[in-house]
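Below you'll find the structure, written out as structure tokens, and then a few comments.
We're numbering straight along the sequence, starting at 1.
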Amino acid sequence: MLGSGKSPATSPRQQRSKVPEKTMDPVRKLGLLDNEDIRVMMQGSNMVKIRSTRWQKSRNLRLLEDGLTVWCESTKSSRKAKAKQTFAVTEVECVREGCQSEALRRLSGSVPENQCFTVVFKGARKSLDLLCSCEEEAQRWVRGLRTLKERVANMTQKEKLDHWIRGYLRRADQNQDGKMSYDEVKTLLHMINIDLSEQYARSLFKRSDRSGDGRLDHTEIEEFCRELMRRPELDAVFRHYSSNGCVLSTAELRDFLGDQGEDASLNHAQSLILTYELNDWAQKNQFMTQNGFTMYMLSLENDVLNHNSVYQDMSHPLAHYFISSSHNTYLTKDQVTSASSTEPYIRALCQGCRCVELDCWDGDKGEPVIYHGHTLTSKVPFKEVIETIDQYAFKKSPYPIILSLENHCSVEQQAVMAKHLRTILGSKLLTKPLSVQPQKDLPSPEELKGRILLKGKKQLPHLGQTGSCASFSSSSDDEVASSNKNAPKKDPAKVCSKLSPELSDLIVYCRSVPFCGFENTSQKPPNEMSSFSESEALRLIKDSGKLFVRHNSRQLSRIYPSGQRLQSSNYDPQEMWNGGCQMVALNFQTSGEQMDLNQGRFLPNGRCGYVLKPSFLCSLTSNFNPENTGGGPGHVPTQLTIRIISAQQLPKINTEKASSIVDPQVWVEIHGVAIDNAKRKTHRVDNNGFNPQWNSTLSFPLQVPELALVRFVVEDHDHTAKNDFVGQFTLPFTSIRTGYRHVHLLKADGSSLSPATLFIHVKVTRKGVPIKTI
């Protein structure tokens, strides 16, 4: 079967002419009509799908008519298999050329590397390893997928909405004649998650059917969609500021911008008109029409999230930042039987993670491997992981990466690790301090830009010669103990590990030491750091919160999940951030509320993986106590009021049942210090996921707003069972924008739920005075 993917009967140039012009219409809308790679993808290609040396199947792949979905042939007929027959470009994390995945590496040398590529998906979906019939075909698919990814990333919300509705129109047009009967319109309405009354649906259809023939042609369909997608709640905001109800003058637009807390200058108002107003007359006379206003309100410029780029001072010591951190990064699922792979490193790094974990053990033929020791998890070569990290380290963020080494290797294989680290990472690897002078603090992310640091044990000269015992425990030692409560607790002073001088020499700023209490915190070398189990960290926060905060103002702390979490579940990271802990390591492969909070915490500041802690968590003399926050540092009583106005284009949950429509309700949650934690909900709206309206006002008193996260959750209400998750979005309170805003919802795995949005109004007051810029 290997390499037996049949060559196309015709060349790509001949195939191009076979794609019907009607089929190419969505691609024309994407501006990719003349892209030959896209045309070849739409024609389809025969490839070999590879899972192992034995499992290799011929498959046809084709880009569907919407221009954003790829169909992959499957012989399976189950519902689950059918769902996996297609994938959206938005689900793709990256495309790897050649034999870089575990499955393709095993075939290296027996297949032409330039004919192979791997599609790596976001979330838990398995990667797709493919072998093409020729190099040109592989290159076309690699380039084409990357082009589509880039195009989608740059689409405006208006383009996403247009593309979304056109996709459903094509599916609802059952006889593909380009016209819509009333029955086809009813099918469309169910598809897009709205249950209109028969009377209103017929009325809307008749108003659009100008020809009176009972079928909507192209122009009438456009009018029907415009009417269907009209936003009366946006129109109301427009009319509130417009003196004549038809246009906004520059002065009226400036009034609106001022109320939003935006730049209300004349220049800014004029630039918005030039950018979003499509009517030539209005633009020339410096007016904004209702359509232009809608375009602006849907744009990224009016998003609820502030601080999309790096805005914080990056010159503080490392210990002054929360650092996005991953636990057992190599695992694809659970802690006992799942596969180890290089691909979770790609996903983590592409999410802005800046501290990844490597559990290193002796492997065959003198080559160290990474896996969860003493379990059934598979092994991945250490060298391949380092090569992957080298390739993806700084694609999403220029700031330093910390490799947390859990070292279980012999001295000999530690030397091999050191060799691979130096050879592969080269000048990126930090091997000596930035300054020869002793430093009272760690260097800053700015000073360490583009560098890779190692965290691990280090042999100090006064502790003896090479090969002697180093009295250091590691987080892995603690994890083993925490997973077996009957096991005797090891005395850190008796833990003995032999260290290779080659590897020990590479530990510079993150030297792992056991935690020995809070005495003489200011005298400890800044490069010493400790790892804590979640239970140990919580105990310190509850019993000695103030001292732990002071400790974390100068020393790095890494928190890891309990060894009892065999299914890779996660703990609440917010409690650890409240204590000033920097590296709050989570299982990135497990979606849920905890990872939502983590993604939200690191969403601002350009998603660079570093977020500056509040000033009261950065002082050796801080009096902040996360367990008793009343009246102390960080205590700034604030009232947050959020009006949930409406939602747009929520997806169907039960896709198997055509008549199933969601009954949405919205929760707003506050995650912060204990006294601020709260959640409130709207009422539910029955049978409408397309444009439900609530106009529900939810209020939250905050005591320590600088630590608070705000989480929006949309659920499908169910009378008989647990509500189904629809989408969510989480962001720090300090990065929320006031006024009328759109919230762009995310799926459970953190990827975009486009074009689904919430429309909200945000108001913030302190001592009864409105605050427009947080």
Side-chain angles (χ1 to χ4, degrees), residues 21-35 37-39 41-42 63-70 86-92 122 144-172 188 191-193 218-219 221-231 234 271-280 282-283 288-305 308 646-651 690-691 727 729 741-747 751-759:
E21 280 305 308
K22 183 181 175 183
T23 298
M24 295 300 289
D25 185 57
V27 179
R28 183 185 289 109
K29 297 283 185 185
L30 290 171
L32 298 171
L33 183 63
D34 297 325
N35 189 304
D37 296 333
I38 305 302
R39 284 181 174 269
M41 291 170 68
M42 294 191 78
L63 180 66
L64 296 183
E65 288 78 7
D66 68 352
L68 296 180
T69 306
V70 176
T86 61
F87 65 84
V89 173
T90 52
E91 297 175 66
V92 176
K122 298 173 182 176
L145 285 170
R146 288 174 177 170
T147 297
L148 289 171
K149 259 183 70 67
E150 185 180 357
R151 178 67 185 91
V152 171
N154 293 321
M155 282 174 81
T156 65
Q157 183 68 8
K158 177 71 165 56
E159 288 176 315
K160 290 174 184 176
L161 285 170
D162 287 347
H163 198 276
W164 176 83
I165 193 68
R166 287 176 196 282
Y168 279 110
L169 283 169
R170 279 192 302 278
R171 287 166 54 189
L188 168 71
M191 281 181 174
I192 62 176
N193 219 356
H218 179 76
T219 305
I221 290 170
E222 291 274 340
E223 185 176 334
F224 177 84
C225 289
R226 265 198 308 275
E227 185 64 26
L228 193 65
M229 298 182 79
R230 197 170 59 82
R231 297 279 304 277
L234 265 182
S271 72
L272 291 180
I273 291 171
L274 286 172
T275 304
Y276 297 104
E277 182 51 64
L278 302 179
N279 182 289
D280 291 338
Q283 193 179 98
M288 182 175 269
T289 64
Q290 205 157 305
N291 285 339
F293 183 72
T294 300
M295 289 278 284
Y296 167 60
M297 293 297 285
L298 287 173
S299 72
L300 193 61
E301 202 164 348
N302 196 58
D303 193 72
V304 70
L305 175 69
N308 272 305
S646 62
Q648 296 75 42
Q649 290 80 51
L650 300 177
F690 182 72
N691 55 2
F729 188 79
R741 304 291 176 181
H742 280 94
V743 177
H744 295 265
L745 295 172
L746 303 175
K747 297 178 185 175
S751 60
S752 172
L753 193 61
S754 177
T757 52
L758 290 176
F759 184 49

Please give me the minimum heavy-atom distance between [X] and [Y], naming the atom from each residue.
{"X": "Lys122", "Y": "Ser751", "answer": "CD-CB, 3.8 Å"}
{"X": "His163", "Y": "Asp66", "answer": "NE2-O, 2.6 Å"}
{"X": "Leu64", "Y": "Met42", "answer": "O-CE, 3.7 Å"}
{"X": "Thr289", "Y": "Ala282", "answer": "CG2-CB, 3.7 Å"}
{"X": "Cys225", "Y": "Leu169", "answer": "SG-CD1, 3.8 Å"}
{"X": "Asn691", "Y": "Leu228", "answer": "ND2-O, 4.2 Å"}

Do the non-hydrogen side-chain atoms of [X] and [Y] ever get within less than 4.5 Å of each other?
{"X": "Val304", "Y": "Leu758", "answer": "no"}
{"X": "Leu753", "Y": "Phe729", "answer": "no"}
{"X": "Glu91", "Y": "Lys747", "answer": "yes"}
{"X": "Gln283", "Y": "Leu274", "answer": "yes"}
{"X": "Leu63", "Y": "Ile38", "answer": "yes"}

Next on the checklist: Lys149: which residues meet the side chain to side chain contact (heavy atoms under 4.5 Å, CB included) condition with it, sequence neighbours left out?
Outcome noted: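 Side chain to side chain contact (heavy atoms under 4.5 Å, CB included) check on Lys149 returns Val89, Val92.
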Checklist entry - Excluding sequence neighbours, so at least two apart, what forms side chain to side chain contact (heavy atoms under 4.5 Å, CB included) with Glu159? => result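 Testing Glu159 for side chain to side chain contact (heavy atoms under 4.5 Å, CB included), a comparison that skips the adjacent residues, returns Arg151, Met155, Thr156.
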Any chance you could measure [X], atom [atom1], to [Y], atom [atom2], to the nearest 0.5 Å?
{"X": "Leu234", "Y": "Tyr296", "atom1": "CG", "atom2": "OH", "answer": "12.0 Å"}
{"X": "Ser754", "Y": "Leu161", "atom1": "OG", "atom2": "CG", "answer": "7.5 Å"}
{"X": "Ser299", "Y": "Lys158", "atom1": "OG", "atom2": "NZ", "answer": "13.0 Å"}
{"X": "Asn35", "Y": "Leu148", "atom1": "CG", "atom2": "CG", "answer": "7.5 Å"}
{"X": "Gln290", "Y": "Met295", "atom1": "CD", "atom2": "CE", "answer": "14.0 Å"}
{"X": "Leu298", "Y": "Tyr276", "atom1": "CG", "atom2": "OH", "answer": "10.0 Å"}

Item to check | Donor-acceptor under 3.5 Å (Asn193 side chain, Phe690 main chain) | outcome: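 The answer is no, because no donor-acceptor pair under 3.5 Å joins these two groups.
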Checklist entry - Donor-acceptor pair, Gln648 side chain versus Pro755 backbone, under 3.5 Å? => result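 No: the side chain of Gln648 does not pair with the backbone of Pro755.
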Checklist entry - Is any side-chain N of the basic residue among Arg226 and Glu223 closer than 4.0 Å to the acidic one's carboxylate O? => result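 Salt bridge absent between Arg226 and Glu223.
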side-chain hydrogen bond (donor to acceptor under 3.5 Å, both in side chains) partners of [X], counting only residues at least two apart:
{"X": "Thr275", "value": "none"}
{"X": "Arg231", "value": "Glu233, His742"}
{"X": "Asp303", "value": "His744"}
{"X": "Thr294", "value": "none"}

Next on the checklist: Looking at Asn154, I want to see if its CG is surrounded by more than 12 non-hydrogen atoms of other residues, nucleotides or ligands under 6.0 Å.
Outcome noted: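 Buried by this count: over 12 neighbours within 6.0 Å.
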